[in-house]
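One structure is given here, and the rest of the page talks about it.
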Amino acid sequence: MKRILAGLIVLAALVSAAPYPLPRDIALAAMHPSLARTMAADVVGAMPDGLNVVICGSGGPMSDRDRGGPCTAVVAGKRLFIVDTGEGAGRTLGRLGVGAADTSVLLTHFHSDHFDGLGNVVLQHWVGFNTSTPLPLYGPQGVERIAAGFNEAYAMDAGYRTAHHGEPVAPPAGAGLQARPFVIPDGQDQVVVLNDGGLKITAFRVDHGPVKPAVGYRFDYKGRSVVISGDTSITATTAAQAKGADLLLHDALSPELVKLLHDSSLAADRPKRAKIFADIPNYHASPEGVADLASKAGVKGLVLTHVVPPLPIRALEVVFRGKAGDIFKGPLWVARDGDVFSLPAGGSTIEHSKLGR
């Protein structure tokens with residue numbers, strides 16, 4: 001007992017004599033190796049050759065504490081392609097450690113929830129990799145206006161950062177976006193927007209009316225394929241692009257849960273809000289509809305993303321999926337931020353893992 005008491009007295013003396021509270025010292029000591037690992041990490045470089053998909057935003061336009069705005073990162077070899085940049089995209093990519101000097105952004109359409117995180121993505125790429133050329137921004141016609149608007153909005157900010165950090169860190173020529181518009185010719189449903197280094201990216205029409213143009217993307221690289229729907233109802237074009245694909249990522253909306261929001265809005269005497277919930281099912285697909293498309297197209301794996309409405313508790317994912325698991329017999333996931341799907345080159349497996357906490 002005397003030894004225990006003496007030990008407690010010594011510990012109390014050490015705590016009182018410490019320049020900071022002891023827990024703070026412990027926290028700082030624990031933080032140093034973590035920071036070193038984080039700064040040295042190359043998440044993209046460590047990924048296996050092939051196609052690797054990182055979910056950097058699995059939600060929709062409504063506030064969701066667990067899911068950011070629409071954002072899907074595709075790593076082909078060592079090249080990074082970010083499909084849509086919804087709210088929080090840059091911060092989520094940073095938290096996950098996903099970045100590369102060779103990065104491009106592809107927009108599926110010009111609904112604000114699909115590009116309202118673009119500014120931070122541009123900034124993190126520019127100063128993070130000290131790039132001397134603007135970030136390429138692919139999209140259908142109209143993407144020029146998006147690029148020009150962001151470039152103008154962030155022009156003063158870019159000047160401040162160069163003045164503060166210097167041109168080697170923030171090269172003026174590397175700020176902003178470079179628009180790379182493409183057109184799907186009349187009478188056609190698709191166009192190849194990039195075919196280089198063994199990677200082919202095909203843009204294809206989707207139905208998200210009244211939003212036009214609107215496209216999805218198919219990635220083909222070293223025998224593996226990934227299809228990203230963007231926002232759309234079920235279409236024959238999407239089914240054709242998904243035929244035989246390794247992995248389909250398709251937006252999904254639960255009619256059952258959205259109807260609850262509609263009815264609750266009416267009960268709260270919010271008829272205009274109720275109208276929004278009545279409108280949105282017609283230009284999105286249900287989980288069961290997506291599952292049927294994937295099954296008929298012979299897709300090997302299916303990811304439901306752009307989750308609408310938000311799912312405040314995990315148990316609601318079962319309700320959201322509905323009968324999709326009975327219709328599509330392959331592996332099926334309801335996307336979460338940080339999900340990783342790896343398709344090694346020349347193989348046939350789909351490896352699911354997580355980044356971040």
Side-chain angles (χ1 to χ4, degrees), residues 41 43-44 46-47 51-75 80-99 108 113-114 116-117 120-121 216-217 219 226-231 245-254 256-258 261 284-291 294 299-325 328 330-343 349-357:
V43 172
V44 169
M47 288 181 172
L51 289 174
N52 300 275
V53 176
V54 181
I55 305 299
C56 41
S58 54
M62 287 179 272
S63 298
D64 191 330
R65 66 185 181 189
D66 297 319
R67 290 179 165 90
C71 178
T72 304
V74 179
V75 179
L80 174 61
F81 298 87
I82 305 169
V83 180
D84 290 332
T85 54
E87 186 175 5
R91 289 177 175 82
T92 301
L93 288 164
R95 175 175 60 83
L96 300 177
V98 176
T108 60
D113 62 301
H114 284 252
D116 53 8
N120 190 258
V121 170
Y217 293 100
F219 292 76
V226 170
V227 175
I228 299 173
S229 72
D231 281 5
D246 289 297
L247 190 66
L248 170 64
L249 294 94
H250 203 295
D251 63 298
L253 173 150
S254 168
E256 179 181 2
L257 294 175
V258 169
L261 295 177
H284 286 293
S286 70
E288 290 88 351
V290 174
V299 170
K300 297 178 179 65
L302 175 61
V303 180
L304 303 177
T305 189
H306 194 284
V307 173
V308 175
L311 307 176
I313 57 175
R314 187 166 182 171
L316 284 172
E317 288 186 6
V318 175
V319 181
F320 180 83
R321 289 163 64 115
K323 297 180 179 178
F328 178 73
L332 185 155
W333 297 271
V334 177
R336 296 179 177 204
D337 296 7
D339 278 341
V340 180
F341 302 92
S342 294
L343 287 63
T349 60
I350 301 173
E351 300 167 6
H352 178 223
S353 59
K354 294 285 290 187
L355 282 174
R357 291 183 293 178

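Just so it is clear, the values below take in all heavy atoms, side chains as well, and ignore hydrogens, waters and symmetry mates.
Evaluation of the side chain to side chain contact (heavy atoms under 4.5 Å, CB included) rule for Val258 yields Leu253, Phe277, Ile280, Pro281, Val308, Pro309 as partners, not counting sequence neighbours. Considering only residues two or more places apart in sequence or on other chains, His306 meets the ring-ring contact (aromatic ring centres under 6.0 Å, His included) condition with His114, His284. The salt bridge (Lys or Arg N to Asp or Glu O under 4.0 Å) check on Arg336 picks up Glu317, with sequence neighbours excluded.
Atom CH2 of residue Trp333 and atom CZ of residue Arg321 lie 10.0 Å apart, to the nearest 0.5 angstrom. Atom NZ of Lys300 sits about 8.0 Å away from atom CD1 of Ile350, to the nearest 0.5 Å. To the nearest 0.5 Å, atoms SG (Cys71) and CG (Leu93) are separated by 5.0 Å. For the atom pair CG (Asp339) and CG (Leu355), the distance works out to 9.5 Å, reported to the nearest 0.5 Å.
In this structure, Leu80 and Gly99 approach most closely via the heavy-atom pair CD2-CA, 3.9 Å. The minimum heavy-atom distance linking Met47 with Val54 is given by the pair CE-CG2, 3.6 Å. Contact record, Gly322 with Glu288: CA-OE2, 3.4 Å, taken as the closest heavy-atom pair. Between Val290 and Ala285, the shortest heavy-atom contact is CG2-CB, 3.6 Å. Ala324 and Ala291 make their closest contact through O-CB, 3.5 Å (heavy atoms, listed as atom of the first residue, atom of the second, distance).
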Worked check of side-chain contact (heavy atoms from CB on, under 4.5 Å) between Leu247 and Val303: CA-CA 7 Å; Leu247 190 66; Val303 180; 3.9 Å; yes

Go through Leu257 and Leu311 one step at a time and tell me if the side-chain contact (heavy atoms from CB on, under 4.5 Å) criterion holds. CA-CA 9 Å; Leu257 294 175; Leu311 307 176; 3.7 Å; yes

One pair to check against side-chain contact (heavy atoms from CB on, under 4.5 Å): Val83 and Phe219. What are the steps and the verdict? CA-CA 11 Å; Val83 180; Phe219 292 76; 3.9 Å; yes

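Proximity of Ile55 to Leu249: side-chain heavy atoms (C-beta onward) are separated by under 4.5 Å at one or more points. A 4.5 Å side-chain heavy-atom check between Thr72 and Phe341 finds every atom pair outside the cut-off. Thr108 places none of its side-chain heavy atoms less than 4.5 Å from the side chain of Asp231. Residues Leu96 and Val43 form no side-chain contact, since every pair of their non-hydrogen atoms from C-beta on lies 4.5 Å or further apart. Contact check for Asp337 versus Asp66: no side-chain heavy atoms found under the 4.5 Å cut-off. Proximity of Phe81 to Ile228: side-chain heavy atoms (C-beta onward) are nowhere separated by under 4.5 Å. Contact of the Thr305 side chain with the Pro70 side chain is not registered, since no non-hydrogen atoms from C-beta on lie closer than 4.5 Å. Residues Val44 and Val98 are in side-chain contact: their nearest non-hydrogen atoms beyond the backbone lie under 4.5 Å apart.
Side-chain atoms of Glu87 do not come within 3.5 Å of backbone N or O of Gly69 as any donor-acceptor pair. With hydrogens and angles ignored, the 3.5 Å screen pairs a side-chain donor or acceptor of Arg67 with a backbone N or O of Ala335.
The 12-atom threshold is exceeded at CD of Glu351, counting heavy atoms of other residues, nucleotides or ligands nearer than 6.0 Å.
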